[in-house]
Number of protein chains: 2
Amino acid sequence: MKADAAVTALGALAQDHRLALFRLLVQAGEGGLAAGVIAEKLGVPNSSLSFHLAQLREAGLVLQERQHRSIIYRANYPAMNALVAYLMENCCAGAADCGAGAACETPAQERKSA
Amino acid sequence: MKADAAVTALGALAQDHRLALFRLLVQAGEGGLAAGVIAEKLGVPNSSLSFHLAQLREAGLVLQERQHRSIIYRANYPAMNALVAYLMENCCAGAADCGAGAACETPAQERKSA
DNA sequence: TCCTCATTTCTATATTTATCAAAATGACAT
DNA sequence: ATGTCATTTTGATAAATATAGAAATGAGGA
């Protein structure tokens with residue numbers, strides 16, 4: 001992942017409606033959600049939501065697909081994982097007590113190594 | 001972690017100088033780096049760097065500590081981990097084929113489960 | 001074809017953010 | 001105490017981003 005792609009992705013997430021929206025899609029899973037459903041859940045006007053969805057889509061964090069009359073959005077999990085990996089890349093310069101210790105570890109990893 | 005803390009943290013990272021700076025500190029490890037050293041490495045004027053360091057500090061992503069004449073900055077690893085965890089929280093609504101599959105997994109996790 | 005529904009684009013305004021020179025601060029050494 | 005070095009604050013300007021109503025698009029159903 002390149003630096004400016006990461007900046008774009010982080011900027012897309014750095015807004016309350018968009019962060020809530022992205023987490024909603026992350027939790028919704030591969031099935032995704034229709035734009036209208038999201039707008040209703042978040043209490044945001046359609047035009048605003050469309051703007052935010054476009055930001056996330058341009059950042060590569062969500063994917064869209066038409067289904068009948070609705071447009072379904074879903075989280076782009078590989079993009080999310082790549083962003084997190086970029087953030088933690090070469091953590092502690094690869095010191096042994098880093099990945100396995102308290103520093104560069106997600107909660108999921110902690111569970112596994114505990 | 002609360003939503004607005006996450007937005008603040010993501011916003012702090014959503015800027016090219018700050019992202020480079022944070023990654024520099026993540027890779028530097030617990031020893032950290034002095035403000036002046038960072039400014040030189042990134043080629044940013046001191047006043048600009050100070051602005052960006054303050055953003056990261058207010059977002060809770062970096063910690064500062066005076067050492068002799070310099071001020072040493074280092075990454076706040078638990079804050080970083082909490083942010084990532086918040087992003088991935090309850091991924092795929094906890095479906096069994098999610099955490100262990102292709103979806104909600106960091107590269108580090110992939111290595112372990114492969 | 002024509003109508004209707006879901007979503008996006010347009011438009012204009014308000015808010016937030018980035019930049020960096022210059023001045024101010026604050027700690028250490030002598 | 002005084003000088004000096006490292007860093008932060010100030011201040012003024014430029015640029016990017018958020019908001020939402022109204023109009024436009026575009027796919028399906030009757």
Side-chain angles (χ1 to χ4, degrees), chain A residues 3-25 28 31-76, chain B residues 3-25 28 31-76:
Chain A
D4 64 337
V7 169
T8 302
L10 289 164
L13 293 170
Q15 208 278 341
D16 51 0
H17 292 323
R18 287 199 296 267
L19 181 57
L21 160 42
F22 182 71
R23 290 190 358 119
L24 201 59
L25 292 180
L33 292 172
V37 174
I38 300 168
E40 196 182 355
K41 287 208 183 206
L42 298 181
V44 171
N46 279 2
S47 63
S48 295
L49 182 83
S50 187
F51 169 76
H52 292 306
L53 278 168
Q55 302 271 315
L56 286 168
R57 189 170 49 76
E58 280 162 30
L61 288 168
V62 306
L63 305 168
Q64 73 179 169
E65 180 189 0
R66 183 172 277 272
Q67 257 180 38
H68 309 290
R69 280 190 178 169
S70 300
I71 296 184
I72 304 293
Y73 282 86
R74 55 197 175 81
N76 186 349
Chain B
D4 63 338
V7 168
T8 302
L10 290 163
L13 293 170
Q15 208 279 342
D16 51 1
H17 291 324
R18 287 200 296 268
L19 181 56
L21 160 42
F22 182 71
R23 291 191 356 120
L24 201 60
L25 291 179
L33 292 172
V37 174
I38 300 167
E40 195 182 354
K41 286 209 183 209
L42 298 181
V44 171
N46 279 1
S47 63
S48 295
L49 183 83
S50 187
F51 169 77
H52 292 307
L53 278 168
Q55 302 271 314
L56 287 168
R57 190 170 50 75
E58 280 162 30
L61 288 168
V62 307
L63 304 168
Q64 72 179 170
E65 180 189 358
R66 182 172 277 273
Q67 256 181 39
H68 308 289
R69 281 189 178 170
S70 300
I71 296 184
I72 303 293
Y73 283 87
R74 54 199 175 81
N76 186 349

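Reminder, nothing fancy here: chain letters follow the sequence lines and each chain counts from 1.
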Practice problem: Would you indicate what A/Ser48 reaches in the nucleic acid, counting non-hydrogen atoms under 4.0 angstrom: base, sugar-phosphate, or nothing? | Solution: base
Quiz item: Can you tell which of C/dT19, C/dT8, D/dT19 lies closest to the side chain of B/His52?
Solution: C/dT19
Quiz item: Does B/Gln15 reach the side chain of B/Phe22, with side-chain heavy atoms less than 4.5 Å apart?
Solution: no
Self-check item: Among D/dT8, C/dA18, D/dG21, the one nearest B/Arg18 by side-chain distance
Solution: C/dA18
Quiz item: With sugar-phosphate meaning primed atoms plus P, OP1 and OP2, does B/Ser70 contact a base, only sugar-phosphate, or nothing at under 4.0 Å between heavy atoms?
Solution: sugar-phosphate
Quiz item: Hey, does A/Ala39 reach any base, or is it just sugar-phosphate, or nothing, if we go heavy atoms under 4.0 Å?
Solution: nothing
Quiz prompt | C/dC28 base / B/Arg69 side chain donor-acceptor hit below 3.5 Å | solution = yes
Exercise. Look at the side chain of A/Tyr73 and decide which nucleotide, out of C/dT8, D/dT9, C/dA27, has an atom nearest to it.
Key: C/dT8
Quiz item: Please give, in whole Å, the distance from C/dA6 P to A/Glu65 CD?
Solution: 19 Å
Self-check item: Length of the line joining B/Arg66:CZ and D/dA6:P, which is rounded to integer Å
Solution: 12 Å
Quiz item: Tell me: CD of B/Gln64 to P of D/dT7, nearest whole Å?
Solution: 11 Å
Quiz item: So among A/Leu19, A/Leu61, A/Asn76, which one has a side-chain contact (heavy atoms from CB on, under 4.5 Å) with A/Leu56?
Solution: A/Leu61
Self-check item: Single hit among B/Leu53, B/Ile72, B/Ile71 for side-chain contact (heavy atoms from CB on, under 4.5 Å) with B/Gln64
Solution: B/Ile71
Quiz item: Roughly how many Å is it from CG in B/Leu21 to P in D/dT7, rounded to a whole number?
Solution: 13 Å
Self-check item: Contact nearer the 5' end of DNA chain D, comparing B/Val37 with A/Asp16
Solution: B/Val37
Quiz item: Which of the following nucleotides, D/dA22, D/dT8, C/dT7, is nearest to the side chain of B/Ile71?
Solution: D/dT8
Quiz item: Of B/Phe51 and A/Gln15, whose nearest nucleotide on DNA chain D comes first from the 5' end?
Solution: B/Phe51
Practice problem: Scan B/Arg57 against the nucleic acid and name what it touches under 4.0 Å (heavy atoms): base, sugar-phosphate only, or nothing. | Solution: nothing
Exercise. Using a 4.5 Å cut-off on heavy atoms from C-beta on, say whether the side chain of A/Leu24 contacts that of A/Lys41.
Key: yes
Quiz item: With a non-hydrogen cut-off below 4.0 angstrom, is B/Ala54 in contact with a base, only sugar-phosphate, or nothing?
Solution: nothing
Self-check item: Side-chain N or O of B/Ser50 closer than 4.0 Å to phosphate OP1/OP2 of D/dT8
Solution: yes
Quiz item: Can you tell me how far P of D/dT8 sits from CG of B/Leu53, to the nearest Å?
Solution: 6 Å
Quiz item: Between D/dA18 atom P and A/Leu13 atom CG, what is the distance in whole Å?
Solution: 12 Å
Quiz prompt | Minimum-distance nucleotide to B/Ala34 side chain [options: D/dA22, C/dA18, D/dT7] | solution = D/dT7
Practice problem: Taking all non-hydrogen atoms of both residues into account, name the closest pair between A/Leu42 and A/Ala20 and its distance. | Solution: CD2-CB, 4.0 Å
Quiz item: Given atom NE2 of A/His68 and atom P of C/dT4, what is their separation to the nearest angstrom?
Solution: 22 Å
Exercise. Only one of B/Val44, B/Leu13, B/Ile38 passes side-chain contact (heavy atoms from CB on, under 4.5 Å) with B/Leu21; say which it is.
Key: B/Ile38
Exercise. Rounded off to whole Å, could you give me the CG-to-P distance for the B/Asn46 and C/dT19 pair?
Key: 14 Å
